[in-house]
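Following: one structure in structure tokens, then a few remarks.
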Amino acid sequence: MPEADEARGRHPDLKKLFEVWMDNETKLMITVFFRNNPGVIETLEGLAVRLGTTPDALRDAIADHVSIGLLKERKVGDKTVLVYDRDMRMDMEAFIAEEIKRRMRDQQSEQEDQE
Amino acid sequence: MRVDADSPKGRASTGVQGLDRMLGGGFFQGDAVLVAGSPGTGKTTLGLHFTAAGVEADEPTVYVTFEYLPQQIYRDANAKGWDLKSWEEDGKVRLLCTTPDMVLAESGAKAGILEDAIRAVGAKRLVIDSMTHFEFLGMENHEMRTQLSGLMNRLRLLGVTTVITHEIAEIVGPAVRISEWGLEFLVDTVILLRYVELEGELVKACNVLKFRGGDHDRRYRRVELGATGMSIEADFAGIEDITRGSARRTVQERARGLI
Ligand SMILES: Nc1ncnc2c1ncn2[C@@H]1O[C@H](COP(=O)(O)OP(=O)(O)OP(=O)(O)O)[C@@H](O)[C@H]1O
Ligand SMILES: [Mg+2]
């Protein structure tokens, strides 16, 4: 999948990210939330309200999203808001699609080896 | 419900054929329009029609909401046959879900989130649903008026045709006032959506209260909301006192019913 290769080129950490992500409930919740609601622009506090949790419970996971670039911090007036990076999402999805395919291929060939 | 893709020059189709007709072809491009109405009268539906008409006319829309999450709006729009999500993926629509202070912020020299979104999709249309949420900012009325006046000026500079919605608390009866902040004076056009009690039944009605620079239909017309959205029907000919909230058929009409 050429898009995925391109994406990996731009974000060499995607593979590592994918593995860590799937093990963390909060991160997964945030990723899914923004995937379904890419237009949400909120402060950390506002986001916590929308997700029915507290800012403290989100803080670390949000920081990780920001560090890999899936969320961007932006200054609006005197507040800092979180904005979803839609391009990054495309990259992320292309990568995940390829990763899943690869794992399925690996599984299949393992099965074939056993036969 | 499809509307003729070609609007008269300089006009932006509202997406509702009957309303386009009342306005002689649609809103004026670049104007600010206030859709004021009682709860459940179709303000959001009209905003979605306007967005859909923008897709048809190749005029991308930025659609701003406060309360509802995008996923709820995708779902509600989908039920009426509008695939907002795919329009958004095609860059024809951009949904923003934020708080009113974010919309007001950076109204000075630096561009705000509205400008960002408008630039990102090359928007020609903007919907803000609804201004009622600005109440939660807890500002004094005069301060709010100043802020909103600034916002409307910003939108004019951007050249987008804007639809803002606002709730009127009264269900029936004459609208005492449209907004505490004088929103009706800050916009070019005001569309009023009201309930009318018509011999024991609540029906929805639409009126073009103000249309700067253009002739328009001055009558109240019946509004139907259904599975495919809003349609605007006949006027209330033969019915008296429509604006008092509790309307009756004229004596002649009632007599006709008896014969
Ligand atoms: N499928 C349908 N069939 C009939 N009526 C419908 C249908 N879908 C929606 N409606 C009507 O539309 C109304 C809601 O329309 P809409 O949400 O546009 O109104 P609104 O003015 O934005 O409301 P609010 O004050 O809650 O923001 C409902 O109250 C209902 O009467
Ligand atoms: Mg509404």
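Order of the sequence lines fixes the chain letters, A, B, ..., with proteins taken first and strands second; residue numbering starts at 1 for each chain. If you're wondering where the values come from, they're calculated on a predicted model, not measured in any experiment.
- Nearest heavy atoms, A:Asn36 versus B:Tyr74: O-CE1, 3.4 Å.
- Nearest heavy-atom pair across B:Thr98 and A:Arg50 is O-NH2, 3.5 Å.
- Contacts between B:Glu89 and chain A at a heavy-atom distance below 4.5 Å involve the side chain alone, from C-beta outward.
- Within a 6.0 Å radius of NZ in B:Lys85, more than 12 heavy atoms belonging to other residues, nucleotides or ligands are found.
- Of the atoms belonging to B:Leu95, it is backbone heavy atoms, and not side-chain ones, that fall under 4.5 Å from chain A.
- Between atom CD1 of residue B:Ile113 and atom CZ of residue A:Arg74 there is a gap of 7.5 Å, rounded to the nearest 0.5 Å.
- More than 12 non-hydrogen atoms from other residues, nucleotides or ligands lie less than 6.0 angstrom from CG of A:Asp106.
- Heavy-atom minimum distance, B:Pro70 versus A:Gly39: CG-N, 4.4 Å.
- Around the NZ atom of A:Lys79, the shell of radius 6.0 Å holds no more than 12 heavy atoms that belong to other residues, nucleotides or ligands.
- Few gaps surround CZ on A:Phe33; more than 12 heavy atoms of other groups in view lie less than 6.0 Å from it.
- Within the model, atoms OG1 of B:Thr99 and CD of A:Glu45 stand 11.0 Å from one another, a figure rounded to the nearest 0.5 Å.
- For B:Tyr63, no part sits under 4.5 Å from any heavy atom of chain A, backbone or side chain.
- Atom-to-atom distance recorded for A:Ile41:CD1 and B:Asp116:CG is 7.5 Å, nearest 0.5 angstrom.
- Nearest approach of A:Pro38 to B:Glu88, heavy atoms of both residues: CG-OE1, 4.4 Å.
- With a threshold of 4.5 angstrom between heavy atoms, A:Val81 approaches chain B through side-chain atoms but not through N, CA, C or O.
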